[in-house]
Amino acid sequence: MSNPPHGALVLFSGGQDSSVCLAWALARYSIVETVGFDYGQRHAVELEARVAVREAVARQFPEWAVRLGEDRVIDIRGFGAIGETAMTSQRAIEITEKGLPSTYVPGRNLVFLTYAAALADRRDLKALVGGMCETDFSGYPDCRRSTLDAVETALHLGMDRNFPILTPLMTRTKAETWAMAKGLGGEALVELIVEHSHTCYLGRRDKHHDWGYGCGACPACELRANGWNDWVAAGRPSLAP
């Protein structure tokens, strides 16, 4: 792209999806900053993975390194304590009476996007990028595109400026997400995501699988592993992002 647009802020957790979204943004924007959130996650490994992925991207993709801007982690542990979910407390991962996994943090993406928009406004960044998906996902209502459209409208009204919320994975399966990684950065990016990103709800980094580290049994690991297996079975195709 000869004249890439200026300024994107990626909601970056250090997981598979947000790592692919980071690469997607770096391929399109002249400046890409990242923001993460400490909401009292049970495992600090998620926050550590953010640093590892960013460093690996900058080291292995010099054409992206010059576009990779600042990173911030915002402390919202007070918000995380409200939900008392399996993501922030020692609870079993199960389906609740509401039909949602106990890992669901009510309103998390609404809060994330509000903070991110405020930061982007101060940094003069033009778009927000998130890895939300409603294809292969755990059923969280704040991952749906209809929810994000409503948030986008609210941000426009409340801040008197447009904040497009870009979700390149919204209609992608996990297998297609692996294919997008290959399309963006070849096998090198796939390997980077396998080795450095973190998805496991239990924070396990002692078990290595073909698709990366994790317990292999929690819903997040199952989604990641199934997507990997489907992608490999299809011949490890590359998908244009």
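With hydrogens and angles ignored, the 3.5 Å screen pairs a side-chain donor or acceptor of T135 with a backbone N or O of M170. Looking only at distances, no side-chain donor or acceptor of T147 sits under 3.5 Å from a matching main-chain atom of C143.
Annotation for C215 and C218: closest pair SG-N, 3.2 Å, computed over non-hydrogen atoms. For the residue pair C21 and V129, the shortest heavy atom distance occurs at CB-CG1, 4.0 Å. H6 and K126 make their closest contact through O-CG, 3.0 Å (heavy atoms, listed as atom of the first residue, atom of the second, distance).
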I'd like a table of donor-acceptor pairs (distance under 3.5 Å, sequence neighbours excluded) in which one partner is a side-chain atom from residues 54-63, with atom names and distances.
{"from": "R54", "atom 1": "NH1", "to": "T34", "atom 2": "OG1", "distance (Å)": "2.8"}
{"from": "R54", "atom 1": "NH1", "to": "G69", "atom 2": "O", "distance (Å)": "3.3"}
{"from": "R54", "atom 1": "NH2", "to": "G69", "atom 2": "O", "distance (Å)": "2.9"}

For residues 231-241, which side-chain N or O atoms pair as donor and acceptor with protein atoms under 3.5 Å away, sequence neighbours left out?
{"from": "W231", "atom 1": "NE1", "to": "P237", "atom 2": "O", "distance (Å)": "2.7"}
{"from": "R236", "atom 1": "NE", "to": "E187", "atom 2": "OE2", "distance (Å)": "3.3"}
{"from": "R236", "atom 1": "NH2", "to": "E187", "atom 2": "OE1", "distance (Å)": "2.8"}
{"from": "S238", "atom 1": "OG", "to": "G183", "atom 2": "N", "distance (Å)": "3.4"}

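Few gaps surround CG on D206; more than 12 heavy atoms of other groups in view lie less than 6.0 Å from it.
Using a 4.5 Å heavy-atom cutoff, the side chains of W24 and L184 are in contact.
Between R77 and D38 a salt bridge is recorded (basic side-chain N to carboxylate O distance below 4.0 Å). Looking at D17 and K174, a side-chain N of the basic residue comes within less than 4.0 Å of a carboxylate O on the acidic one, giving a salt bridge.
Aromatic ring orientation, F112 versus F37: parallel (interplanar angle below 30°, classes split at 30° and 60°).
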